[in-house]
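Note that these values count all heavy atoms, side chains included, but never hydrogens, waters or copies made by symmetry. No experiment lies behind these values; they were computed from the predicted model shown.
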There are 2 protein chains.
Amino acid sequence: MSKPGFTRADPDARRLSLMEATARVLARDGASGASVRAIALEAGISPGLVTHHFGGVDALIAATYAHVGEQVSAALDMAVRRAGNDPRARLMAYVTASFAPEIADRGLLATWTAFWGLVIARGEIAELHDAQYARYRDELEALLAGCGLRPTARRRATIAIAALVDGLWLELCLSPGVLDAEEARAIAETQIAALLAA
Amino acid sequence: MSKPGFTRADPDARRLSLMEATARVLARDGASGASVRAIALEAGISPGLVTHHFGGVDALIAATYAHVGEQVSAALDMAVRRAGNDPRARLMAYVTASFAPEIADRGLLATWTAFWGLVIARGEIAELHDAQYARYRDELEALLAGCGLRPTARRRATIAIAALVDGLWLELCLSPGVLDAEEARAIAETQIAALLAA
DNA sequence: TTGCTTGTTGTACGATCGTATAATAGGCTG
DNA sequence: CAGCCTATTATACGATCGTACAACAAGCAA
């Protein structure tokens with residue numbers, strides 16, 4: 001029983017740990033610091049594995065974006081499930097969860113920022129963003145439907161709330177001193193109330 | 001009268017042309033493509049001039065951000081001035097101008113994205129963002145005051161509208177297919193009406 | 001145990017990065 | 001015209017980039 005020089009991991013597990021390492025590097029050093037070597041060092045493995053498992057750095061960042069998006073989506077869904085059955089409470093839980101410390105996080109913004117940079121530089125990646133954002137909007141629209149908003153008004157209300165939440169989230173990440181999560185929640189609640197009253 | 005190998009430009013003019021070249025490169029190739037050599041090539045000068053005039057690439061990008069911010073601010077002010085004297089019309093002109101093709105532009109988003117990346121990687125640059133965004137919010141708040149919004153409600157209304165406009169602008173840049181400038185304007189108008197009615 | 005598959009490492013290569021530096025030359029001053 | 005100032009160029013250097021590739025070894029199958 002000699003100690004092995006390295007452990008042979010399941011490919012999926014290795015891919016997962018690489019994506020998590022990428023997210024950490026992105027959060028710490030920003031997009032320009034997310035090199036293959038830095039990510040491999042963070043994950044505790046050799047740089048060559050990035051090519052082996054993902055074929056390239058762009059693909060790894062794209063996969064990381066998708067993975068982080070899944071996590072965020074899961075966290076929001078969890079918040080909705082915990083909110084009980086009242087439609088209005090469910091909607092507010094969804095929105096409020098976006099301002100929780102784990103979501104309105106500068107590191108998470110770094111992941112998004114890096115990905116937006118890829119969207120611009122390489123057009124084909126834009127489809128990934130569109131798909132992810134469409135799903136986000138669909139969930140929001142379903143919650144709005146539950147609140148009794150009539151179908152013709154749903155589309156614009158969905159876009160409005162999504163934009164408002166995105167803007168509040170962005171400012172919460174970039175300038176935490178300007179407003180806090182509670183105020184963001186209060187602002188969102190006021191606007192949502194106005195939308196549902198119409 | 002022999003043709004000169006290069007023209008000796010006024011330092012301020014050269015700095016300006018370098019910032020404009022940086023914005024173009026950022027728009028075309030994204031943050032990762034904005035290297036000293038690429039920018040110098042775009043500006044039609046030698047790479048060494050970047051160091052000479054700005055001392056480094058980060059400073060050039062920061063200066064470009066400030067410059068582009070000035071231009072955007074000027075464009076919004078111009079829209080307000082053209083709107084006449086009606087306070088409500090002035091506010092809507094300010095907001096609507098944010099969705100104009102020159103502002104809701106993917107290239108402009110690239111500049112912002114690159115800068116947000118710097119904000120994360122190098123904390124001292126965050127102050128520049130805070131200052132710029134504070135000025136933006138101040139202008140918005142002044143327009144809201146003109147509409148007769150009582151002082152205690154101004155702060156939150158300002159943040160709400162700023163966030164909404166930012167979110168709409170972001171989505172307009174990233175996924176032009178989802179909504180257009182006119183729909184963004186209509187959504188903003190509805191929300192603003194609700195805020196002013198309260 | 002033996003053999004095979006393949007995850008993993010380490011190294012190496014060419015390209016490109018940011019920046020420092022010396023030489024060049026435009027353009028104004030006297 | 002002579003002379004200075006400095007914007008500008010061209011080159012060079014070390015570091016780091018992404019990726020390719022061959023050798024190694026972990027772990028399962030037989």
message: Is a donor from one side chain sitting under 3.5 angstrom from an acceptor on the other, for B/S35 and B/R37?
response: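 Per modelled atom types, B/S35 and B/R37 side chains form no pair under 3.5 Å.
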field: Other residues, nucleotides, ligands: >12 heavy atoms within 6.0 Å of B/N85 CG
entry: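 12 or below, so no.
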query: Do A/S17 side-chain atoms and A/R14 backbone N/O form a donor-acceptor pair below 3.5 Å?
result: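 Yes; judged by distance alone, with no hydrogens or angles, the pair exists.
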query: So, does B/W116 use its side chain to make a donor-acceptor pair with the main chain of A/A110 at under 3.5 Å?
result: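 Checking the backbone N and O of A/A110 against the side chain of B/W116, no donor-acceptor pair under 3.5 Å is found.
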With the side chain counted from C-beta on, respond yes when [X] and [Y] share a heavy-atom pair under 4.5 Å apart, and no when they do not.
{"X": "A/L168", "Y": "A/L172", "result": "no"}
{"X": "A/R90", "Y": "A/V95", "result": "no"}
{"X": "B/L196", "Y": "B/L144", "result": "yes"}

message: I'd like to check the ring-ring contact (aromatic ring centres under 6.0 Å, His included) partners of A/Y136; sequence neighbours left out, ordered by chain and number.
response: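 A/Y133.
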[X] has an atom [atom1]; how far is it from atom [atom2] of [N], in whole Å?
{"X": "A/R8", "N": "D/dA26", "atom1": "CZ", "atom2": "C1'", "result": "5 Å"}
{"X": "A/L49", "N": "D/dA20", "atom1": "CG", "atom2": "P", "result": "14 Å"}
{"X": "A/F6", "N": "D/dA25", "atom1": "CZ", "atom2": "C1'", "result": "5 Å"}

Would you jot down, in residue-number order, the residues of [range] having a non-hydrogen atom under 4.0 Å from DNA chain D?
{"range": "residues 34-46 of chain B", "result": "B/R37, B/I45, B/S46"}
{"range": "residues 14-21 of chain B", "result": "B/R14"}
{"range": "residues 51-59 of chain B", "result": "B/H52, B/H53"}

- request: Provide the full list of ring-ring contact (aromatic ring centres under 6.0 Å, His included) pairs with a residue in residues 29-69 of chain B, sequence neighbours left out, each pair given once.
  value: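 For residues 29-69 of chain B: B/Y65-B/W112, B/Y65-B/F115.
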Which residues satisfy the side chain to side chain donor-acceptor pair (under 3.5 Å) test with [X], sequence neighbours excluded?
{"X": "A/S73", "result": "A/R135, A/E139"}
{"X": "B/T51", "result": "none"}
{"X": "A/D130", "result": "B/S175"}

message: With nearest nucleotide decided by heavy atoms, which residue, B/G33 or A/G48, maps closer to the 5′ end of DNA chain C?
response: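 This one resolves to A/G48.
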message: Suppose we screen for salt bridge (charged side-chain N to carboxylate O under 4.0 Å, His left out). Which residues come up paired with B/E102, at least two apart in sequence or across chains?
response: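 Partners of B/E102 by the salt bridge (charged side-chain N to carboxylate O under 4.0 Å, His left out) criterion come out as none, since no residue qualifies.
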Lys/Arg N to Asp/Glu carboxylate O, A/E141 vs A/R137, below 4.0 Å: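 No.
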message: Does anything in residues 24-32 of chain B come within less than 4.0 Å of DNA chain C? Heavy atoms only, and list the residues if so.
response: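 Per residue number, the list is empty: none.
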Sequence neighbours excluded and cut-off under 3.5 Å, please list the side-chain donor-acceptor pairs for residues 38-50 of chain B, or say none.
from  : atom 1 : to    : atom 2 : distance (Å)
B/E42 : OE1    : B/R28 : NH2    : 2.4
B/E42 : OE2    : B/R24 : NE     : 2.6
B/E42 : OE2    : B/R24 : NH2    : 3.4
B/S46 : OG     : B/G48 : N      : 3.3

List, with names and distances, any nitrogen or oxygen atoms from the protein found under 3.5 Å away from nitrogen or oxygen atoms belonging to nucleotides 28-30 of chain C.
none

